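The first residue of the sequence shown is numbered 1, and numbering continues consecutively from there. What you see is a predicted model, and the numbers here were worked out from it, not measured in a lab.
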Amino acid sequence: MGYAAERPPAHVRAAFGLTTASDDDGEQLAATVWRYGDVVLRKVSDRAHAVWLARTLAALEAPDLRIARPLNTTDGRWVMGGWAAARFVSGRPENRPDDTVHTAITLQRAMSDLPEPDFLAGRQGLAADAERMAWGEVDVELDEAKGGRWFEILAPARKPLSSRPQLVHGELFGTVLFDGDAPPGIVDLVPHFRPAEWGAAVAAIDAVAWGGADMALLHRWSYLPDWSQLLLRATLFRLAYHARHPGAADVEATRLRAAAAQVSEIL
């Protein structure tokens with residue numbers, strides 16, 4: 001596959017109950033993701049997020065979704081030696097934009113009463129900065145050619161929202177697992193604390209900008225509360241991220257520019 005081979009050590013496998021698993025038993029799914037039967041072991045880089053994710057997904061009640069239920073170790077820990085475990089969920093990412101937006105809505109309804117994670121306020125990085133910029137909480141200079149110009153054009157159209165903030169998943173496009181007619185599969189959760197349809201709006205913009213979805217997708221969900229304003233902030237989020245990413249191309253060469261133009265007409 002071309003992945004770097006970092007296998008979960010024997011003591012980690014044993015801690016999660018895989019006492020008979022050997023190095024040769026594992027199937028490498030990604031660079032640091034291994035499957036042993038119906039258990040998936042994943043290397044984690046942020047322990048606080050990994051523990052929060054495990055506790056959240058373990059307790060989440062979402063009958064219309066297939067959740068990768070986390071497993072704890074034999075002594076009750078969610079993370080062992082930098083690895084976390086969950087039940088395997090079948091499927092793969094597919095280009096099903098409306099189903100992805102619907103998944104976002106289903107998931108956010110299941111999470112509507114969950115509290116804001118403590119670590120969100122201190123989260124750093126390109127995505128965290130871009131989100132704060134989209135919501136007018138920070139002001140960072142952006143490369144005009146890579147998205148800054150469109151950000152400047154759209155940002156003044158922000159208006160107050162009526163929806164309250166809640167926990168939402170902000171990276172659903174390309175991560176939802178589809179397996180025929182089975183309910184969508186959720187194996188991860190990138191938390192944001194924003195109005196409910198923020199996750200759906202980001203998924204819609206991503207599907208248009210990076211998945212080739214038709215622009216009508218942005219209109220089909222217009223009955224959702226604050227939809228045009230959430231699409232606006234989703235677009236600003238991606239523009240800010242794109243403009244600050246060191247490997248990003250001129251935004252005019254991407255469909256993100258077309259999505260931004262379409263959103264400007266919707267407002």
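Expressed to the nearest 0.5 Å, how far CG of Leu267 lies from CG of Leu154 amounts to 7.0 Å. In this structure, the separation between CD on Glu94 and CG on Asp179 is 8.0 Å, given to the nearest 0.5 Å. Lys159 NZ to Ser228 OG: the interatomic distance, rounded to the nearest 0.5 Å, is 7.5 Å. With rounding to the nearest 0.5 Å, the separation of CZ in Arg123 from CG in Asp46 is 9.0 Å. Note: Leu232 CG to Asp226 CG = 11.5 Å, rounded to the nearest 0.5 Å. Atoms CG and NE2, on Asp250 and His242 in that order, are 7.5 Å from each other to the nearest 0.5 Å.
For Trp83 and Phe16, the ring centers sit 6.0 Å or farther from each other.
When atom types are taken as modelled, the side chain of Lys146 and the backbone of Gly247 share no donor-acceptor pair closer than 3.5 angstrom. Side chain of Arg158 to backbone of Ala155: a donor-acceptor contact under 3.5 angstrom is found. Using modelled atom types, one side-chain atom of Arg66 and one backbone atom of Ser90 make a donor-acceptor pair closer than 3.5 Å. In terms of modelled atom types and a separation under 3.5 Å, the side chain of Trp227 and the main chain of Leu218 share a donor-acceptor contact.
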Residues Leu60, Leu114; criterion side-chain contact (heavy atoms from CB on, under 4.5 Å); working and verdict: CA-CA 9 Å; Leu60 189 63; Leu114 297 182; 4.2 Å; yes
Met133 vs Phe151, side-chain contact (heavy atoms from CB on, under 4.5 Å): CA-CA, chis, key distance, verdict: CA-CA 10 Å; Met133 290 186 65; Phe151 191 100; 4.1 Å; yes
Stepwise side-chain contact (heavy atoms from CB on, under 4.5 Å) test for Val208 and Gln262: CA-CA 10 Å; Val208 168; Gln262 184 67 31; over 6 Å; no
Verdict with supporting geometry, Thr32 and Arg7, side chain to side chain donor-acceptor pair (under 3.5 Å): CA-CA 7 Å; Thr32 56; Arg7 294 177 179 271; over 6 Å; no
Pair Leu230-Leu161, side-chain contact (heavy atoms from CB on, under 4.5 Å): steps then yes or no: CA-CA 9 Å; Leu230 290 172; Leu161 303 177; 3.9 Å; yes
Pair Arg96-Asp99, salt bridge (charged side-chain N to carboxylate O under 4.0 Å, His left out): steps then yes or no: CA-CA 5 Å; Arg96 293 166 57 171; Asp99 288 338; 2.9 Å; yes
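Hydrophobic clustering, with ILVMFWY side chains joined whenever heavy atoms are under 4.5 angstrom apart, keeps Trp34 apart from Val187. Under the 4.5 Å side-chain heavy-atom criterion for Ile, Leu, Val, Met, Phe, Trp and Tyr, Trp78 and Leu57 are members of distinct hydrophobic clusters. Residue Met111 is not grouped with residue Val89 when hydrophobic side chains (ILVMFWY) are merged at heavy-atom distances under 4.5 angstrom, including chains of intermediate members. Val138 and Leu120 fall into different hydrophobic clusters, where Ile, Leu, Val, Met, Phe, Trp and Tyr side chains are chained together by heavy-atom contacts under 4.5 Å. At a threshold of 4.5 Å between side-chain heavy atoms, the hydrophobic network of Ile, Leu, Val, Met, Phe, Trp and Tyr places Leu231 and Val101 in one connected group.
Across Ala204 and Leu217, no two heavy atoms sit closer than the pair O-CD2, 3.7 Å. Heavy atoms only, all atoms of each residue included: Ala58 and Pro70 are closest at N-CD, 3.6 Å. For Pro97 against Ala207, the heavy-atom pair with the smallest separation is CB-CB, 3.8 Å. Closest heavy-atom contact between Ala68 and Arg87: CB-O, 3.7 Å. Val168 approaches Pro195 most closely through the heavy-atom pair CG1-O, 3.9 Å. Across Gly174 and Pro93, no two heavy atoms sit closer than the pair O-CG, 3.4 Å.
Using a 3.5 Å distance cut-off with no hydrogens or angles, the side chains of Trp221 and Asp98 do pair a donor with an acceptor. In the model, Arg13 has no side-chain atom that pairs as donor or acceptor with a side-chain atom of Thr19 under 3.5 Å. A donor-acceptor pair shorter than 3.5 Å cannot be found between the side chains of Thr106 and Asp64. Gln108 and His169 share no donor-acceptor pair across their side chains, judged by distance under 3.5 Å alone. Side-chain contact check for Thr175 and Asp188: no donor-acceptor pair (N or O, by modelled atom type) lies under 3.5 Å.
By the 4.5 Å heavy-atom criterion applied to side chains, Trp210 and Leu256 are counted as neighbours. Considering only heavy atoms from C-beta on, Pro9 comes within 4.5 Å of Val12 through its side chain. Looking only at side-chain heavy atoms (C-beta outward), Leu41 and Leu18 come within less than 4.5 Å of each other. Residues Ile205 and Phe173 have side chains not in contact (no heavy-atom distance under 4.5 Å, counting atoms from C-beta outward). Counting only heavy atoms from C-beta outward, the side chains of Val33 and Gln28 never approach each other to under 4.5 Å. Looking only at side-chain heavy atoms (C-beta outward), Ile105 and Leu224 come within less than 4.5 Å of each other.
A salt bridge links Arg220 with Asp214: the closest approach of a Lys/Arg side-chain nitrogen to an acidic carboxylate oxygen falls below 4.0 angstrom. Between Arg194 and Glu137 there is a salt bridge, since a side-chain N of the basic residue sits under 4.0 Å from a carboxylate O of the acidic one. At a threshold of 4.0 Å, the pair Asp129-Arg244 counts as salt-bridged, since one of the basic side-chain nitrogens sits closer than that to a carboxylate oxygen. A salt bridge links Arg238 with Asp206; the closest basic N to acidic carboxylate O contact falls under 4.0 Å.
Aromatic ring orientation, Phe237 versus Trp198: tilted (interplanar angle from 30° to 60°).
Counted within 6.0 Å of CZ on Arg55, heavy atoms from surrounding residues, nucleotides or ligands total 12 or fewer; the atom is thus considered open. At most 12 non-hydrogen atoms from other residues, nucleotides or ligands lie less than 6.0 angstrom from CG of Asp118. Within a 6.0 Å sphere centred on CG of Asp38, heavy atoms belonging to other residues, nucleotides or ligands number more than 12. More than 12 heavy atoms of other residues, nucleotides or ligands shown are found within 6.0 angstrom of CZ on Arg255. Shown here is Arg164, whose CZ atom has more than 12 heavy atoms of other residues, nucleotides or ligands within 6.0 Å.
Seen from the ring of Trp135, Arg233 counts as a face-on cation partner, given the 6.0 Å and 45° thresholds.
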